[in-house]
Amino acid sequence: VQLQASGGGLVQAGDSLRLSCAASGRTFNNYAMGWFRQAPGKEREFVAAISRSGATTYYTDSVKGRFTIARDNAKNTVYLQMNSLKPEDTAVYYCAAKRTGTNINYYYTRGYQYDYWGQGTQVTVSS
């Protein structure tokens, strides 16, 4: 599967952005999805994950209550709605896909667990 992330940009603190990640192919609902980010000089970190079914989600503590991950299997797209953005959210954001079997309600938080990665979209939050 190929992933195309979009929706990044330059915003001010407190603003919102919605990232999208469009997947190619007709088996999108066979994949659990995740968002990761990497700030300059830092390691890639987990942000949010959603199960194949969309029934379960998980967030890193720093974005809980501000970010929401969702998926539309009919559109082969996963979204990351980011509200109340902070300067520390500045990073390149990557979407990732993990093919799963019968574990339709599992989510995954480690980068090595994912099989496919998008190209990244830059999010810059000014203070």
Side-chain angles (χ1 to χ4, degrees):
V1 63
Q2 292 185 323
L3 304 174
Q4 181 71 40
S6 61
L10 171 62
V11 297
Q12 293 186 332
D15 285 350
S16 298
L17 277 176
R18 187 177 79 158
L19 304 184
S20 299
C21 176
S24 64
R26 295 176 291 179
T27 59
F28 179 69
N29 60 0
N30 287 342
Y31 293 85
M33 301 296 294
W35 285 97
F36 292 76
R37 66 186 180 187
Q38 187 167 21
K42 295 187 177 181
E43 294 188 352
R44 182 181 62 195
E45 66 170 348
F46 166 78
V47 177
I50 189 166
S51 62
R52 254 183 72 180
S53 67
T56 53
T57 59
Y58 188 78
Y59 303 89
T60 193
D61 285 346
S62 62
V63 307
K64 284 180 181 176
R66 300 189 298 123
F67 290 12
T68 302
I69 188 171
R71 66 188 296 158
D72 185 338
N73 286 344
K75 295 183 177 180
N76 285 7
T77 301
V78 63
Y79 304 97
L80 185 67
Q81 177 67 43
M82 306 186 295
N83 298 330
S84 302
L85 283 161
K86 303 176 180 180
E88 51 263 43
D89 294 319
T90 295
V92 177
Y93 283 70
Y94 299 89
C95 59
K98 173 179 171 55
R99 186 173 179 85
T100 64
T102 57
N103 301 326
I104 64 172
N105 292 322
Y106 282 23
Y107 55 79
Y108 302 87
T109 63
R110 305 296 178 91
Y112 70 81
Q113 295 175 303
Y114 285 84
D115 303 307
Y116 302 98
W117 293 82
Q119 85 291 358
T121 185
Q122 176 72 47
V123 172
T124 304
V125 185
S126 63
S127 57

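In what follows, residues are counted from 1 in the order of the sequence shown. Any value given below was found using the heavy atoms of this structure, including those in side chains, with hydrogens, waters and symmetry copies removed.
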A side-chain contact here means heavy atoms from C-beta on lying under 4.5 Å apart; do [X] and [Y] qualify?
| X | Y | result |
| --- | --- | --- |
| V123 | V125 | yes |
| F46 | Y58 | yes |
| Y31 | Y116 | yes |

Return the minimal non-hydrogen interatomic distance between [X] and [Y], and the atom names on each side.
| X | Y | answer |
| --- | --- | --- |
| D115 | K98 | OD2-CA, 3.5 Å |
| G111 | W117 | O-CZ2, 3.4 Å |
| C21 | M33 | SG-CE, 4.3 Å |
| A91 | A39 | CB-N, 3.8 Å |
| V1 | A97 | CG1-CB, 4.3 Å |
| S20 | T77 | CB-CG2, 4.2 Å |

Inset, instruction - Could you list all the ring-ring contact (aromatic ring centres under 6.0 Å, His included) pairs where at least one residue sits in residues 68-99, not counting sequence neighbours? - result: none
Inset, instruction - State whether a side-chain donor-acceptor pair under 3.5 Å links T90 with E88. - result: no
Inset, instruction - Classify the side-chain pair S53/N105 by whether it contains a donor and acceptor separated by less than 3.5 Å. - result: yes
Common cluster, [X]/[Y], ILVMFWY with side-chain heavy-atom separation under 4.5 Å:
| X | Y | result |
| --- | --- | --- |
| V92 | L85 | no |
| Y59 | W35 | yes |
| I104 | F28 | no |

Legend entry - V63 and R37: CA distance, side-chain angles, deciding distance, side-chain contact (heavy atoms from CB on, under 4.5 Å) verdict: CA-CA 12 Å; V63 307; R37 66 186 180 187; 4.0 Å; yes
Legend entry - Verdict with supporting geometry, R52 and N73, side-chain contact (heavy atoms from CB on, under 4.5 Å): CA-CA 9 Å; R52 254 183 72 180; N73 286 344; over 6 Å; no
Legend entry - N-O pairing of D61 and K64 below 4.0 Å: yes
Inset, instruction - Taking the six-membered ring for Trp and the full ring for Phe, Tyr or His, determine whether the centres of F36 and Y114 are under 6.0 Å apart. - result: yes
Can you tell me how far [atom2] of [Y] sits from [atom1] of [X], rounded to the nearest 0.5 angstrom?
| X | Y | atom1 | atom2 | result |
| --- | --- | --- | --- | --- |
| S84 | R66 | OG | CZ | 7.0 Å |
| S24 | L3 | OG | CG | 7.0 Å |
| S127 | Q12 | OG | CD | 9.0 Å |
| I50 | R71 | CD1 | CZ | 6.0 Å |
| L17 | L10 | CG | CG | 9.0 Å |
| D89 | D15 | CG | CG | 11.5 Å |

Inset, instruction - Kindly indicate, with the supporting measurements, whether the criterion side-chain contact (heavy atoms from CB on, under 4.5 Å) is fulfilled by Y107 and Q113. - result: CA-CA 10 Å; Y107 55 79; Q113 295 175 303; over 6 Å; no
Legend entry - Listed partners of Q81 passing side-chain contact (heavy atoms from CB on, under 4.5 Å), at least two apart: S16, R18, T68, N83
Inset, instruction - Take atom CD of Q38 as the centre, draw a 6.0 Å sphere, and report whether it contains more than 12 heavy atoms from other residues, nucleotides or ligands. - result: yes
Inset, instruction - Inspect the surroundings of OH in Y106 and state if more than 12 heavy atoms from other residues, nucleotides or ligands are less than 6.0 Å away. - result: no
Inset, instruction - Please assess T124 against Q122 for the test side-chain hydrogen bond (donor to acceptor under 3.5 Å, both in side chains), listing each intermediate value before the final yes or no. - result: CA-CA 6 Å; T124 304; Q122 176 72 47; 3.3 Å; yes
Inset, instruction - Determine, stepwise, if the pair N30 / T100 fulfils side-chain contact (heavy atoms from CB on, under 4.5 Å). - result: CA-CA 6 Å; N30 287 342; T100 64; 5.7 Å; no
